[in-house]
Each structure stands twice: as structure tokens, then as C-alpha cells.
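Down below is the structure, laid out as C-alpha cells.
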Amino acid sequence: MTNAEIAAVFREIAALLEIDGADTFRVRSYQRVADSLESLGENVADIYARGELQKIPGVGKSTAKKISELLDTGVVAAHQELRAKFPETLLEMLSISGFGPRKVALVYNELGIKSVEELEEAAEEGRLRELQGFGAKSEENLLRSIALYRQGQKRTLLGSALPRAQELVKLLQARDDVLQVSIAGSLRRGRETIGDMDILATSTDAAGVCEFFAGLPQFSEVIAHGETKVSARFEDNLQVDLRAVEPESFGAALQYFTGSQAHNIELRERAQKRDLTINEYGVFRVMEQDERGEKVAGETEEGVYEAVGLPWIPPELREARGEIEAAEAGRLPELITLDDIRGDCQMHSEWSDGHTSIAEMATACRERGYEYCVITDHSVSLGVAGGLTPEQVQAEAAEIAELNEKLRAEGIDFRVFHGTEVDILADGSLDYDDDVLAAVDFVIVAIHQGFSRDEQRIMKRLRAALENPHVDCVAHPTGRLINTREAYAVNLAELIDLAAEHDVALEINAFPERLDLDDVHCRLARDRGVDIMINTDAHDPAHLDYMQFGVTTARRGWLEAKDVVNTRSAGEFEQWLHRK
DNA sequence: GCCGTTTTCGGCCCGACTGTTTTCAGTCG
């Protein structure tokens, strides 16, 4: 049973308890456990085997018992009892925006409504307005929310949201009455997908800025428009929230709207212990009888953290995954930045399925300030991608040698390495013989077929591949495509151990659809001493810019420059290639 | 249900917004 599956059970227990009217703090405990499990990286089963379940943050005696029960028997009795109490279809109603557990319980208990369909029918017939707290307006809003829910709200890729957010920021910055602008929310934290987009601004004329923003042609709909807040939607339903605050609250508001919620809760609990309270306007002293006293911070984010005795914490770390403890102990990582990257080690040319020549890719890499790049065209079996025969690999090597010659002759300090992205075949063998692999500079292996095999088969293939001494790196280790394709049945904890054992690097593939490894496993790999590479897998010069998303993912995985192979100089990288 | 730089009991982040109410409950982030 995977961590995600166990977390899902705890999330469902929390949801059912909420509908059941349980104490909210009890509900929060279950949610907290689910959050914790999802950000673990390591398999819960292994932690259970060591008898260390209660070391997981938020897991106490009772929830530890439920986790072990789940792992031992496949079910949790308390969960089954809750399920028996309510129709299964009840939970779906919670997915409707603006419809929470109290309302679900109300319509179920009073009108016997058990599903989204029945809810829609009742709203259309005007039967909901009989209920306490409901009116015509709420029925109307509910019908709109149901329609939106039916359109299937997928989270938006970081790579799709960020450019649009930056464009909005630019438009705001161009105004004279706007003082500061920043992206906030999950987009600022660099999550791989975002639910909605948050932008924060300070201004001498907040209402005027809101007016301007609400009128932008980018939006297909303005949902709410007030003096300090605008909510609007792009054509694809992605929601944007703009908030305007006073300049003296910019730091507090930025901290507040950046989240994550879990991080903010931890931060405020910390403030409480110091007789302080934090809200979006600032940090305030708490006086006798809960009276709010003097404001001690708020203009800058640094000030907010300083007020509770902490150094500033980079947004990518603000996920309640131990960053506050690390900050307190002065052990925050010095996170990698885009400037640290000195080469890109996976990209394709027109020799296989890339769009341009090797020389053009090299030029594009130089323009990005790199010292080197590695061309990794596909191997022979990947017919759809124009995989290279061994003879073509040789010919490509000659072209690269010639190009390096030419660069040297022109006095250009840039190096093109010759690599290959080799398929791991169904039986675990590699797509080229060892003599072909020995002749290239860099071997990155990948699974491109046989995705539906079970874990045992997948791991057998990976194990065999990693045992090959020519192998340097595993490309996109899970094969997932966000929102599109699940990962194949890879046991990442085991793969990470194998990578450590055989001195093979793992890739963060920077393509926005992949971001694979993800943040959580990237951190686990680092903890186990595995080398990481951040590569774009570019098939076109423009794709090289995806590097920023790979770096963001690495930052979310607590990586420093020293943890990432391609922050090294060309010379050091070449040494690394000969490490085995 | 969890947790401990006052605590093994009694707390548990904080405010905005909405639609419904005449003071508030529910939802959201």
C-alpha cells in the first residue's frame, strides 16, 4: 500500500468525521496525518517495520494504530464504520466549491439528498431554500458551482501558469500608482501544479488598481470585484486573485498569501507562544484579555519571520516539512539557483526527434550562459522518436567531435558532450551493446515502454539497468505525465537505494509535464547521498528555458548546488563521467 | 486526535467574504 493510498484513507476519515459533525480539531488531526504521509518520500510500511510510526509529525497513538491496522489488514475498522453510516456518493458533494461538510450534512439529514445529481435537482426545483441558511441566491450559486465542477477542474501546470502570471505582474508594474507587485500562493512556492493564481500589490490607489485589473481583456469572467480584491477567470477557468494592501503591510500580506496554509499554522502557533499574533496586516503583540497591542512587523517578510525569532524562509520550503525547525536551528539549506547551473545534460537534436541541429542546440545553451551541454538522442528501439542505430551513433560522435574542434578553433570556451538516452528494454537489457555505451561520454537510461508492468517487473528492469557500469543517470524516473499519465509501478525508495549503491545519478526532468523526480523524492534521494541532475530534455532550443522549473523543483526538494551534478564546471563534469 | 520553554489537561491560526441573518454560520485559503 502506497503512502498516497494510506493518506487517502485518512483524508476520507477526516471528511466523513466532518460530515458527522465531529470536533474540528479531531478532523484536523486526520488531515494533518494525511499531509504528513504525502510529504514523506520514504514508504510508510518501512517506517512501520522499524516501529517508528509515532515519529511521523502529527501521528500519535491512535493514528499510528490505524496506520498499522491498515497495513496489516488492508482496512481500518473505524473508517469502515463511518462509511457504513453514510451513502458513498455523499463525499462527492464536498468537491463542489462553496459546499462544505455542514451543508452536506444538512441537505442529507433534512432532504435525504445523497448525490451531486440529487443536489442539482433540488436546487433547480427551488427546494433548498426551505432550509435554514439557504436562499434563492445560494441555489443559484450552487448550480453554477456544480456546472464548474462538471467541467472537471484540473490543476494548472506551473509551466502554464507562471508566464501568464508574469505578464499580469508586468502590466501592474507599468502603472504609476502601483508600488510593489509579487506573485504569491502556490505559484510562488513553485508547486508543480497550482489551483489558482495569487497576485499581491501595494498601491496609492487600491480601488483604481482593482478597477484596472478587472477590466483586463485576458479574463473571460470577473467573479468578484471589490475595493481591495478582484477574482477573475481566464478562458481555461484558471482563477486569479488580486489583492491590494497598504505598503506597510506588504511583507505580512506576502507571507500570509504565499502560505502554505500548513506552514502558516505552524508559524502562528509559534507566534502565540511568544504572545504575538500574525495576520495579513502584520505581527502584533497580544495584551491582557486578548487585546491587540503594538505592531512589531509587517512591512517586509524578513521582518515577520524575525519577529518570531526565525531567519527568512524561502517560499519553496514553506510546506510544513520541517523548515521551521531547520530555520530555528540555523540549518536551512542554501538552495540551488538557476545561476548555479552550468550545463544541461539531456537534449535531443534532429538526429532523433529534436527540431534542430546539434550546433544550434549548443549555441542556444551558450546563450543561456552554460559551459557545456550533452546531446542525448534516442536509442534504436524507440522507432517513433527516430532512435539511432549504432552506426548513426558513431556518425553523430564524429559530428560532435568536429563541432568541438570548430569551437576550440574559434576560441569559444564551450564543450558538447556526446550522450545517449538508452531505452531499458522489457527484459532489463539496454538498447545498445556495451561497446556502443563505452564509446559515448554519457549514458542516461529511460523506460519508454512496458509501462503497465507490475512493480516486480519494473524494478527488475531498473535493477538490471543500474548494474550496468556504463550507466550514469536515470531519466524521468517515474515516467509520469502530470494530469495525463500515472507513474509506472516504480518503488522509488528502492530505486534511490540502488542509485546510491551503483553511483548512478537520478534526473529531475524539467519539462513542466514531468517534473520527475518530484520535490519529495528529490529530497529523499539527497538524504541518501544520491547525485541529482537537472535536465530539460529539450527537443527545441526554446525548451531549454524549462530549466527554471527543474531548479524550482530541486529547491522544493531542499537541494543545494553541491547536490546537483550539472552545477559543476565542464572539467569537473568530465571527471564525474569517469568516476566509475 | 495531537501535543508540551507555563501544560499529561486544555488548548488547538486568523480573517475575509457570502448569504443569510439582525448577530452569525459556513466556507475558503
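Chain identifiers are assigned alphabetically (A, B, ...) following the order of the sequence lines, protein sequences preceding nucleic acid strands; residue numbering begins at 1 within each chain.
The nucleotide B:dC14 finds its pairing partner in B:dG29, both defining distances of the Watson-Crick or G-U wobble pair being shorter than 3.5 Å.
The CG atom of A:Leu37 sits 14 Å away from the C1' atom of B:dG1 (whole-angstrom rounding). As rounded to whole Å, 19 Å separates atom P of B:dT18 from atom CZ of A:Phe99. The separation between A:Lys61 atom NZ and B:dC2 atom P is 10 Å, rounded to whole Å. The CG-P distance, from A:Leu131 to B:dG19, rounds to 17 Å in whole Å. Between the CG atom of A:Asp198 and the P atom of B:dG29 there is a distance of 9 Å, rounded to whole Å. Distance A:Glu139 CD to B:dT20 C1': 13 Å, rounded to the nearest Å. Rounded to a whole Å, the CG atom of A:Leu142 is 12 Å from the P atom of B:dT20. Rounded to an integer number of Å, the gap from NZ of A:Lys65 to P of B:dC2 is 12 Å.
Contact between the side-chain N/O atoms of A:Ser138 and the OP1/OP2 oxygens of B:dT20 is found at a separation under 4.0 Å. Residue A:Asn141 has a polar side-chain atom (N or O) positioned under 4.0 Å from OP1 or OP2 of B:dG19.
Straight-line distance between the C1' atoms of B:dT21 and B:dG26: roughly 13 Å, to the nearest whole Å. Going from the C1' atom of B:dC2 to that of B:dT7 covers 13 Å, rounded to whole Å. Taking atom C1' on both nucleotides, B:dT18 is separated from B:dT23 by 15 Å, rounded to a whole Å. Across the P atoms, B:dA16 and B:dT5 are found 31 Å apart, a figure rounded to whole Å. B:dG4 sits 9 Å from B:dT8 when the C1' atoms are compared, rounded to a whole Å. Here the separation of B:dG11 from B:dG29, taken at their C1' atoms, is 23 Å to the nearest Å. To the nearest whole angstrom, the two C1' atoms, one in B:dC17 and one in B:dC12, are 24 Å apart. B:dT20 and B:dT27: their C1' atoms are spaced 14 Å apart (whole Å).
Residues A:Ile6 and A:Leu37 come closest through the heavy atom pair CG2-CD1, 3.5 Å.
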*Kindly determine whether A:Ser203 and A:Asp177 satisfy side chain to side chain donor-acceptor pair (under 3.5 Å), including the steps that lead there.*
CA-CA 6 Å; A:Ser203 172; A:Asp177 53 2; 4.6 Å; no

*Do A:Glu294 and A:Arg285 pass the salt bridge (Lys or Arg N to Asp or Glu O under 4.0 Å) test, and can you show the C-alpha distance, the side-chain angles, and the key distance before you say yes or no?*
CA-CA 5 Å; A:Glu294 148 199 37; A:Arg285 224 174 278 292; 3.2 Å; yes

*With the sugar-phosphate defined as primed atoms, P, OP1 and OP2, and the base as all remaining atoms, what B/S/- string results for nucleotides 5-13 of chain B, 5' to 3', for protein heavy atoms under 4.0 Å?*
-------BB

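Annotation: cation-pi pair A:Arg11/A:Tyr30 absent, no NZ/CZ under 6.0 Å from the ring centroid and within 45° of its normal.
Mapping A:Ser62 and A:Lys137 onto DNA chain B by nearest heavy atom places A:Ser62 closer to the 5' end of the strand. Checking A:Gln132 against A:Glu280, the closest nucleotide of DNA chain B that is more toward the 5' end is the one next to A:Glu280.
For CD of A:Glu88, the number of neighbouring non-hydrogen atoms (other residues, nucleotides, ligands) closer than 6.0 Å is 12 at most.
Among the atoms of the strands shown, none is found under 4.0 Å from any heavy atom of A:Ala105. Base contact: A:Arg26 has a heavy atom under 4.0 Å from a base atom. A:Ser97 comes within 4.0 angstrom of sugar-phosphate atoms only, judged by non-hydrogen atoms across all strands, and of no base.
The side-chain heavy atoms of A:Leu158 and A:Pro512, taken from C-beta on, include no pair separated by under 4.5 Å. Side chains of A:Pro217 and A:Phe219 form no contact here, defined as non-hydrogen atoms less than 4.5 Å apart.
Distance check, rounded to the nearest 0.5 Å: CG of A:Asp236 to CD of A:Gln151 gives 10.5 Å.
Between the side chains of A:Gln180 and A:Thr202, at least one donor N or O lies within less than 3.5 Å of an accepting N or O.
Between B:dT18, B:dG1, B:dC14, one nucleotide has an atom nearer to the side chain of A:Tyr30 than all others, and that is B:dG1.
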